[in-house]
Participant: 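I have a structure I would like to understand better, so I am pasting it below and will then ask my questions one at a time.
No experiment lies behind these values; they were computed from the predicted model shown.
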Amino acid sequence: MKRTFVILFFLSVTFSSAIAQQVFIPNGKITFEKKINVQRSLADFDIPDEAKERMQKYNVSSWDLYFNQSTSLYKPKKKETENTGMMFMFSSEATNELYADYGKSKRLMKKNYFGEDYLLHDTIPVLDWKIMHDVRTIAGYECRKAIGKINDTVYVVAFYTDEILLKGGPEGFSGLPGMILGLAIPRYNTTWFATKVDAFISSDAEITEPKAKKTDTEKEMKKIIEIFGRYGGDKKQKPEDIRKQLYGFLL
């Protein structure tokens, strides 16, 4: 009986110590590296192979995600390389930002179209995730793999950590039991991976709603949709599909 009590006491102390060692992060800043395989993305365009080979293979940019327990702001780092190539002719990421309020389930996106910044109002999309058993370490955090789907047919692979309390992630992806530190969309030849996590720093001064001169009024959106339909490459694309694309996940 005495031996059993000693074993139970030892297990209890060990379990309590393990819990005490696990620290949950309520606020901070995460730096992400976004990488687009430009050559693969332009595979369907009518561009000579010699020209494709001369292009840079990857477009790489760095983004910061400031977060607390209920809100976040995702924006590009300053002095980043501008996007190049035909696929980027309709938008520039240089001034894009995404603000999310998870308590109110709303988001604000500042996106640049045709040289103008627009402010788009939207609700936070809900994804149906399937959590897998695979794990990998990203920026020093053990992350579990999950698979989701956007736009009905596009698969998304994510890796999240439950050590960061906010259930958010890059480009507005969210809905997992913790912060997404790694993301890949094979269809779009694009990946996002955290390179650094600055934990416990106060980000409230940075987490502010973005502003833009133009907003998503029906008049402005009708104009953008018309230009996209005319020059976007797919003349048969329906206006509602273009609108869905404008309010999509990718900045």
Side-chain angles (χ1 to χ4, degrees), residues 29-38 41 56 58-67 71-102 106-125 127 150-151 154 156 158 166 168-174 179-185 187-196 203 205-217 220-221 223-225 227-228 231-233 241-251:
K29 182 185 79 170
I30 305 170
T31 300
F32 286 91
E33 180 186 76
K34 178 179 180 179
K35 182 181 289 188
I36 304 173
N37 190 318
V38 178
S41 299
Q56 61 183 32
Y58 293 103
N59 181 281
V60 181
S61 57
S62 293
W63 296 69
D64 285 330
L65 177 66
Y66 298 89
F67 68 94
T71 59
S72 67
L73 180 68
Y74 180 75
K75 63 180 183 178
K77 277 184 172 293
K78 295 180 180 179
K79 298 181 181 180
E80 286 298 323
T81 302
E82 290 282 349
N83 283 327
T84 57
M86 289 180 62
M87 66 179 294
F88 307 114
M89 66 182 294
F90 293 108
S91 66
S92 169
E93 293 182 342
T95 60
N96 289 354
E97 295 182 7
L98 192 151
Y99 168 88
D101 186 327
Y102 293 91
K106 75 169 187 177
R107 63 178 184 167
L108 292 175
M109 296 177 287
K110 184 170 76 170
K111 302 179 75 170
N112 186 283
Y113 297 114
F114 318 111
E116 295 279 0
D117 286 335
Y118 289 83
L119 191 63
L120 309 182
H121 299 71
D122 197 13
T123 57
I124 296 177
L127 270 71
I150 60 174
N151 302 333
V154 179
V156 179
L166 187 68
E171 303 268 349
F173 284 88
S174 61
M179 178 66 73
I180 297 172
L181 295 184
L183 193 72
I185 307 181
R187 175 85 67 85
Y188 297 156
N189 306 297
T190 306
T191 60
W192 299 256
F193 280 96
T195 57
K196 184 181 180 182
S203 301
E206 293 284 349
I207 305 174
T208 58
E209 296 186 3
K211 300 183 184 302
K213 291 183 179 180
K214 296 191 175 183
T215 188
D216 50 355
T217 62
E220 293 291 350
M221 295 311 295
K223 181 174 66 176
I224 293 178
I225 289 172
I227 297 175
F228 261 86
Y231 302 107
D241 292 332
I242 296 176
R243 181 181 288 271
K244 186 176 181 180
Q245 179 182 341
L246 296 176
Y247 285 84
F249 288 89
L250 305 187
L251 292 176

Participant: Find out whether I207 and S72 are in side-chain contact, i.e. whether some heavy atom of one side chain is under 4.5 Å from a heavy atom of the other.
Facilitator: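 No, their side chains stay 4.5 Å or more apart.
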
Participant: Applying side chain to side chain donor-acceptor pair (under 3.5 Å), can you list everything that pairs with Y102, at least two apart in sequence or on another chain?
Facilitator: none

Participant: With a 4.5 Å cut-off on side-chain heavy atoms, are K110 and N96 touching?
Facilitator: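 Contact flag for N96/K110 side chains = no.
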
Participant: Got a salt bridge between E97 and K111, using NZ or NE/NH1/NH2 to carboxylate O under 4.0 Å?
Facilitator: no

Participant: Apply salt bridge (Lys or Arg N to Asp or Glu O under 4.0 Å) to R187 and list each qualifying residue two or more places apart in sequence or on a separate chain.
Facilitator: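 For R187, no residue satisfies salt bridge (Lys or Arg N to Asp or Glu O under 4.0 Å) once neighbours in sequence are set aside.
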
Participant: Report the residues that fulfil side chain to side chain donor-acceptor pair (under 3.5 Å) with T31, sequence neighbours left out, ordered by chain and then residue number.
Facilitator: D64

Participant: Hey, does I150 have a side-chain heavy atom less than 4.5 Å from the side chain of F173?
Facilitator: yes

Participant: Does the pair K106/E209 count as a salt bridge with the N-to-O cut at 4.0 Å?
Facilitator: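 Salt bridge flag = yes for E209 with K106.
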
Participant: Just to verify, what does F32 make a ring pair (Phe, Tyr, Trp, His ring centres under 6.0 Å) with, not counting sequence neighbours?
Facilitator: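 F32 satisfies ring pair (Phe, Tyr, Trp, His ring centres under 6.0 Å) with no residue once adjacent residues are dropped.
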
Participant: Would a 4.5 Å heavy-atom cut-off, applied to side chains only, mark Y58 and V38 as touching?
Facilitator: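 Side chain of Y58 against side chain of V38, heavy atoms only: no contact under 4.5 Å found.
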
Participant: Applying side chain to side chain contact (heavy atoms under 4.5 Å, CB included), can you list everything that pairs with T191, at least two apart in sequence or on another chain?
Facilitator: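 Applying side chain to side chain contact (heavy atoms under 4.5 Å, CB included) to T191 gives K35, A184, F193.
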
Participant: With rounding to the nearest 0.5 Å, note down the distance linking CD1 in I30 to CG in L181.
Facilitator: 5.0 Å

Participant: Under the rule for side chain to side chain donor-acceptor pair (under 3.5 Å), what residues qualify as partners of Q245, not counting sequence neighbours?
Facilitator: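 Q245 satisfies side chain to side chain donor-acceptor pair (under 3.5 Å) with Q237 once adjacent residues are dropped.
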
Participant: Measuring from atom CG of L98 to atom CG of L73, what distance do you get when rounded to the nearest 0.5 angstrom?
Facilitator: 8.0 Å

Participant: Does M179 reach the side chain of L65, with side-chain heavy atoms less than 4.5 Å apart?
Facilitator: yes

Participant: Would you mind reporting whether K75 and Y66 have side-chain heavy atoms less than 4.5 Å apart?
Facilitator: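 Counting from C-beta outward, Y66 and K75 do come under 4.5 Å.
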
Participant: Considering all heavy atoms of both residues, which atom of S174 and which atom of P125 are nearest to each other, and what is their separation?
Facilitator: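 The pair with the smallest heavy-atom distance is OG-O, 4.4 Å.
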
Participant: With a 4.5 Å heavy-atom cut-off, do P170 and I180 have their side chains touching?
Facilitator: yes

Participant: Taking only residues two or more places apart in sequence, or in another chain, which ones meet D122 in a side chain to side chain donor-acceptor pair (under 3.5 Å)?
Facilitator: R107

Participant: Would you please test Y99 and T71 for side-chain contact (heavy atoms from CB on, under 4.5 Å) and show each step?
Facilitator: CA-CA 7 Å; Y99 168 88; T71 59; 3.8 Å; yes

Participant: D216: which residues meet the side chain to side chain contact (heavy atoms under 4.5 Å, CB included) condition with it, sequence neighbours left out?
Facilitator: L120, H121, M221, Y247

Participant: Roughly how far apart are I225 CD1 and I227 CD1, rounded to 0.5 Å?
Facilitator: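 If I round to the nearest 0.5 Å, the distance is 11.0 Å.
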
Participant: When rounded to the nearest 0.5 angstrom, what is the spacing between OG in S203 and NZ in K29?
Facilitator: 8.0 Å

Participant: Side chains of T95 and D117: donor-acceptor distance under 3.5 Å anywhere?
Facilitator: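 A pair is found: one side chain offers a donor N or O, the other an acceptor, under 3.5 Å apart.
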
Participant: How many angstroms lie between atom CG of N59 and atom CG of N37, to the nearest 0.5 angstrom?
Facilitator: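 That separation rounds to 10.5 Å.
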
Participant: Taking only residues two or more places apart in sequence, or in another chain, which ones meet Y74 in a ring pair (Phe, Tyr, Trp, His ring centres under 6.0 Å)?
Facilitator: W63

Participant: Restricting to non-hydrogen atoms, name the atom on L119 and the atom on P210 that form the minimum distance, rounded to 0.1 Å.
Facilitator: CD1-O, 3.6 Å

Participant: Of all residues at least two apart in sequence or in a different chain, which pass the side chain to side chain contact (heavy atoms under 4.5 Å, CB included) check with K214?
Facilitator: E116, Y118, E220, K223

Participant: Go through the side-chain N and O atoms of E171 and W192 and say whether any donor and acceptor fall under 3.5 Å apart.
Facilitator: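 Checked: E171/W192 side chains pair up, N/O donor to acceptor below 3.5 Å.
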
Participant: Any side-chain heavy atom of L250 sitting closer than 4.5 Å to one from T190?
Facilitator: no

Participant: For N151, check side chain to side chain contact (heavy atoms under 4.5 Å, CB included) against everything at least two apart and list the hits.
Facilitator: V154, Y188, K244

Participant: Do F114 and F228 have their ring centres less than 6.0 Å from each other?
Facilitator: yes

